[in-house]
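Comments concern the structure below.
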Amino acid sequence: MQRWIVIAVVGALLFGLGGGFALWTYYQNRPKVVWVPLALNEELPVEKREELAVEIKAKILEGSTIPDAVRDTGLTSKLSFSSAAEAEAEVRKRLFVKVGEAETPGGRVPSINIGLDCQRKSFDAMGQVAMRIMKDVWKMLGIKEPEEKSGSMF
């Protein structure tokens, strides 16, 4: 009888560990979005915001912004891509530029959100790529880069 109790306890333990691992894997593969907002003037018409978003996305996709961001952040090695071209193709596929809102010290203002659709397990690496792309967008638009705080954003 004691052997059956030991077998049942070991089976329940293995079942619980397997379920915990399955749950952890499920949460790591859930979709997540990482973006950096570009605050806009509230008086800018909605049509102009949308035109600006389309223009920014076109410039990001056609220029050297994505290859530079992938190279500078080391995305190829961080996410185990076989080549830099594969990492660039993945970033191009996941890139979005949307009109939205941003929270600022002065309240909510309209913004253009530039970011990437990713999974939870790749959130940090993709966040660094989004921030690097945003630095190029600031240069494209002639905006002075904000001062960095003492801590890292990602």
- side chain to side chain contact (heavy atoms under 4.5 Å, CB included) evaluation trace for Leu40 with Leu52: CA-CA 10 Å; Leu40 299 173; Leu52 186 60; 4.0 Å; yes
- Show the numbers, then the answer: is there a side chain to side chain contact (heavy atoms under 4.5 Å, CB included) between Leu38 and Ser111? CA-CA 5 Å; Leu38 175 65; Ser111 69; 5.6 Å; no
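Once rounded to the nearest 0.5 Å, the distance linking CG of Leu95 with CD of Glu90 reads 12.0 Å. Between the CH2 atom of Trp138 and the NZ atom of Lys135 there is a distance of 7.5 Å, given to the nearest 0.5 Å. From Ile66, atom CD1 reaches atom CG of Asp136 across 10.0 Å, with rounding to the nearest 0.5 Å. From Leu61, atom CG reaches atom CD of Glu88 across 12.0 Å, with rounding to the nearest 0.5 Å. Atom OG1 in Thr65 sits 9.0 Å away from atom CZ in Arg92 (nearest 0.5 Å). In this structure, Gln128 CD and Leu116 CG are separated by 12.0 Å, a value rounded to the nearest 0.5 Å.
Counting only residues at least two apart or in different chains, salt bridge (Lys or Arg N to Asp or Glu O under 4.0 Å) contacts with residues 53-78 comprise Glu55-Lys59, Asp68-Arg71, Asp72-Arg132. Listed by first and then second residue, the salt bridge (Lys or Arg N to Asp or Glu O under 4.0 Å) pairs that reach into residues 31-48 come to none, sequence neighbours excluded.
A heavy-atom distance below 4.5 Å is found between the side chains of Val70 and Thr76. Here the side chains of Ile56 and Ile112 are in contact, with some heavy-atom distance below 4.5 Å. Using a 4.5 Å heavy-atom cutoff, the side chains of Arg49 and Pro110 are in contact. When side chains are defined from C-beta on, Glu101 does not count as touching Val109, because their heavy atoms never get closer than 4.5 Å. Inter-residue side-chain proximity for Arg94 and Cys118 is flagged as met; some heavy-atom pair is nearer than 4.5 Å.
Test Asp117, Ile114, Asn113 against Trp35 for side chain to side chain contact (heavy atoms under 4.5 Å, CB included) and you get one pass: Asn113.
Here Val99 is tied to no hydrophobic group at all, with no ILVMFWY side chain closer than 4.5 Å.
What you find for Phe81 and Leu75 is that their closest heavy atoms are CD1-O, 3.9 Å. Minimum interatomic distance between Gly63 and Pro67 (heavy atoms only, all atoms of both residues): O-CD, 4.2 Å. Between Ala130 and Gly115 the shortest heavy-atom distance is CB-CA, 4.4 Å. Taking both residues in full, the closest heavy atoms of Val34 and Phe123 are given as CB-CE1, 3.5 Å, listed atom of the first, atom of the second, then distance.
In this structure, Leu141 is a member of the same hydrophobic cluster as Leu44, with clusters built from ILVMFWY side-chain heavy atoms closer than 4.5 Å. Linking Ile, Leu, Val, Met, Phe, Trp and Tyr whenever their side-chain heavy atoms come within less than 4.5 Å puts Met131 and Ile143 in one cluster.
When the shell of 6.0 Å around OH of Tyr27 is examined, it contains 12 or fewer heavy atoms from other residues, nucleotides or ligands.
Ser122 places no side-chain N or O within 3.5 Å of a backbone atom of Ala125 that could act as its donor or acceptor partner.
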